[in-house]
Chemist: 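Quick one: structure below, then a few questions.
Remember, predicted model here, so these are calculated numbers, not experimental data. Every chain is numbered from 1 and lettered A, B, ... according to where its sequence line falls, protein lines coming before strand lines.
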Amino acid sequence: MLKDQDKSPSSGAEHAKSTNLTEVNGDVEMLSGGDMVARALEEEGVEFIFGYPGGAVLHIYDALHRHSSVPHILVRHEQAATHAADGYARSTGKTGVVLVTSGPGATNAITGIATAYMDSIPMVVISGQVQSHLIGEDAFQETDMIGISRPIVKHSFLVKRTEDIPRIIKTAFYLAASGRPGPVVVDIPKDITAPAYKAPFDYPAEVSLRSYAPAEKGHSGQIRKAVELLLRAKKPMIYAGGGVIQGNASAALTDLVRHLNFPITNTLMGLGAYPGSDRQFVGMLGMHGTYEANNAMHESDVILAVGARFDDRVTNTISKFCPQATIIHIDVDPASISKTVISHLPIVGPARPVLEEMLSQIKDIEAQPGIANRVDADAIAKWWATIDGWRQKHGLYTQNRFDDSSENIKPQEVVQLLHELTDGKAFVTSDVGQHQMFAAQYYLFDQPRQWINSGGLGTMGFGLPAAMGVKLAHPDAIVACVTGEGSIQMCIQELSTCKQYNLPVLIVNLNNGYLGMVKQWQDMQYESRYSQSVYQDSLPDFIKLAEAYGHVGIKITDKKQLREQMQTAIDTSREQVVFVDVYVDPHEHVYPMQIAPDGAMNDMYLSKTERS
Amino acid sequence: MPTVDVDISTRRIISLLMENSPGALSRVVGLFSQRGYNIETLTVAPTDDVTLSRLTLITLCDDQTIEQITKQLNKLVDVVKLVDLTEGEHIERELMLIKVRASGEAREEIKRTADIFRAQIVDVTSSLYTIQLIGTQQKIDAFIEAVKGSNVIEVVRSGVSGIARGEKVLAL
């Protein structure tokens with residue numbers, strides 16, 4: 001056995017005579033590289049592999065075919081494999097797995113890897129590579145996957161020996177899911193997975209890396225200081241992002257927020273981290289955040305930021321960001337702290353243990369006598385009165401701020417109706433653009449992992465494949481993809497995958513005949529010169545298209561029919577993919593919208609005619 | 001093109017230990033270009049422990065940027081340990097090999113200058129000297145300045161290496 005271990009893959013030809021694909025030598029199994037990959041994925045408890053075969057991964061695909069218990073979902077384009085794995089990961093908290101071939105297979109996966117990277121989604125991408133001896137020779141379907149993916153992965157591995165496969169895959173899964181999660185690429189040259197060469201397969205129970213030790217809890221002293229700041233606050237705001245969802249900290253956050261009776265806002269990535277229909281939730285913040293959320297941020301004296309990264313779509317002009325606020329920032333990634341906005345009190349650690357310790361320290365302090373040991377209830381009541389005033393004045397949820405008496409169907413009311421008819425319990429994926437913002441504003445998510453969107457990278461084409469991943473993980477749930485006629489066409493080929501695997505998702509296409517968000521900016525900043533944002537008559541008949549794939553298409557043009565047709569669509573989507581093509585007001589804009597450049601948080605357009 | 005005023009007055013020497021594995025160096029260098037950080041000099045070689053490489057780089061940046069640079073470097077899975085040598089007492093050295101024209105009267109003058117700087121002439125032809133000099137970046141700059149008049153043919157600088165003074169060490 002030791003003799004075998006010493007051999008290089010190239011000397012493995014003599015093993016080809018072996019007819020058994022698996023040999024047991026002593027206590028250790030002898031496996032080919034391809035079999036090792038298949039087995040490693042089983043060992044990791046992988047539920048689905050999303051992928052597309054090709055020359056460099058054929059050994060792995062053969063291994064999967066022969067004995068893997070892990071189902072493989074054959075997509076129609078590698079980008080969709082990454083988005084589907086991503087949707088699966090976002091909706092479950094587990095690591096998404098992608099398998100693609102070298103060259104174009106790998107490059108097609110890049111957009112989806114970047115999407116996962118920007119939103120810190122755990123993903124392992126196994127890519128085939130040309131044979132080791134061909135690397136660097138511009139071989140057929142060769143691309144430097146490690147190089148091309150380097151800026152958009154948490155880490156990557158080029159496998160050089162079959163023997164290394166178990167350790168590397170174990171490490172890849174560990175890195176992808178721990179600390180601040182992210183995608184990890186494992187690039188495997190074809191010869192490493194060849195059936196002829198077998199090596200011992202001993203899957204490690206755990207890995208530890210001397211160079212990687214993510215924080216497991218926050219610093220108690222820092223948490224103590226944060227608690228003191230929070231108890232003294234007169235106008236506090238809690239600003240929670242995707243890190244709360246990724247860190248499974250929603251319950252801890254909800255407990256803390258309710259205990260303190262503080263207002264809370266969520267980022268686009270954080271929607272659902274705190275129940276959207278709760279009184280203390282003031283809506284999303286940022287570029288298309290609510291009037292009350294952006295004003296409350298701007299006026300606040302203490303901000304508790306959790307798992308959020310002060311993205312430019314949140315802060316507006318940094319130098320004008322929340323001038324009176326003392327900022328406490330909890331993040332598992334130290335590099336997120338003080339990256340854009342300087343944090344006064346950093347706490348490095350995962351959201352859940354930090355928030356739990358924070359609440360427990362607060363309760364300890366409150367158990368002591370003295371007014372200084374409590375939240376200033378009077379100040380908080382006053383603060384709520386101010387916020388409620390903002391809500392009454394321009395809030396999105398106190399009355400409709402769009403023209404709901406219009407004859408045109410408004411995109412906002414489609415989302416409101418979707419929320420109502422699904423009891424607010426659907427998983428909603430989206431693409432990118434106006435429809436994404438309408439979905440974020442009007443589908444009030446009460447649960448974490450319900451809202452699945454590409455927040456950081458803003459990837460059009462994300463919604464449908466992501467919905468497939470969600471549906472696989474949650475077969476009994478309603479999974480709605482809120483999209484637009486621009487985005488849906490970027491991965492529309494996945495209607496075929498939905499057919500193959502019977503994934504009845506509900507596609508709600510808010511069809512306005514324009515690239516809506518581009519058009520909105522052109523309306524606001526370019527005097528309505530619609531440069532390349534108009535489809536004219538080139539859009540397909542989406543109903544026929546859906547039917548061509550064996551699905552159901554429902555066209556909605558009449559506002560009076562909207563409710564009934566939406567109900568039919570939702571009911572039908574229990575069994576079949578339904579493509580709802582809703583003709584909405586082509587000239588609707590998303591409001592509020594922060595004024596940029598040079599605006600503060602609270603500088604907003606509130607409608608086509610009003611400013612804050 | 002709009003320009004951003006960045007205070008790059010601060011010179012920092014970052015020294016780090018990283019896994020001596022393929023791709024590690026490209027991740028460090030890539031980070032700098034990806035995030036728009038500046039690299040002035042860079043030097044890297046394996047240490048006595050062959051699984052580790054020591055990388056030293058100089059960057060010019062402001063205080064907020066250096067904080068981000070060290071955090072982002074630490075975040076790289078290949079980076080094991082890191083120190084900003086400029087935060088404490090340290091020794092820095094750079095090696096230069098310089099080829100200068102040395103004929104006629106200049107020949108003796110260059111030899112004298114080399115002696116003053118405690119540089120060594122390591123190769124000689126009838127018209128050229130190749131000189132080796134070890135010192136701080138400043139000292140090397142000064143030497144180049146001193147011999148500039150006499151026709152510098154080729155300059156090779158190693159980039160700065162550094163180590164903390166006293167008991168402080170960067171090791172596992």
Chemist: Test your reading of the model: is there a side-chain donor-acceptor pair from A:Ser211 to the backbone of B:Val77, 3.5 Å cut-off?
Modeler: yes
Chemist: How long is the gap from CG on B:Leu76 to NE2 on A:His155, to the nearest 0.5 Å?
Modeler: 9.0 Å
Chemist: Using a heavy-atom distance cut-off of less than 4.5 Å, which residues of residues 332-345 of chain A contact chain B?
Modeler: A:Asp333, A:Pro334, A:Ala335, A:Ile337, A:Ser338, A:Lys339, A:Thr340, A:Ile342
Chemist: Calculate, to the nearest 0.5 Å, the distance between atoms CG and CZ belonging to B:Leu52 and A:Arg210 respectively.
Modeler: 4.0 Å
Chemist: Is it the case that atom CD in A:Gln525 sees more than 12 heavy atoms from other parts of the structure closer than 6.0 Å?
Modeler: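 Enclosed.
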Chemist: In terms of heavy-atom pairs under 4.5 Å, which option from B:Lys75, B:Gln34, B:Arg27, B:Met18 contacts chain A the most?
Modeler: B:Arg27
Chemist: In terms of heavy-atom contacts, does NZ of A:Lys320 have more than 12 from other residues, nucleotides or ligands at under 6.0 Å?
Modeler: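 Yes - once you tally the heavy atoms of other residues, nucleotides and ligands closer than 6.0 Å, there are more than 12.
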Chemist: Heavy atoms under 4.5 Å from chain A: which residues of residues 157-168 of chain B carry them?
Modeler: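 Against chain A, none of the residues of residues 157-168 of chain B fall inside the cut-off of heavy atoms under 4.5 Å.
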Chemist: Side chain, backbone, both or neither: which part of B:Leu17 has an atom under 4.5 Å from a heavy atom of chain A?
Modeler: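 The answer is neither part of B:Leu17.
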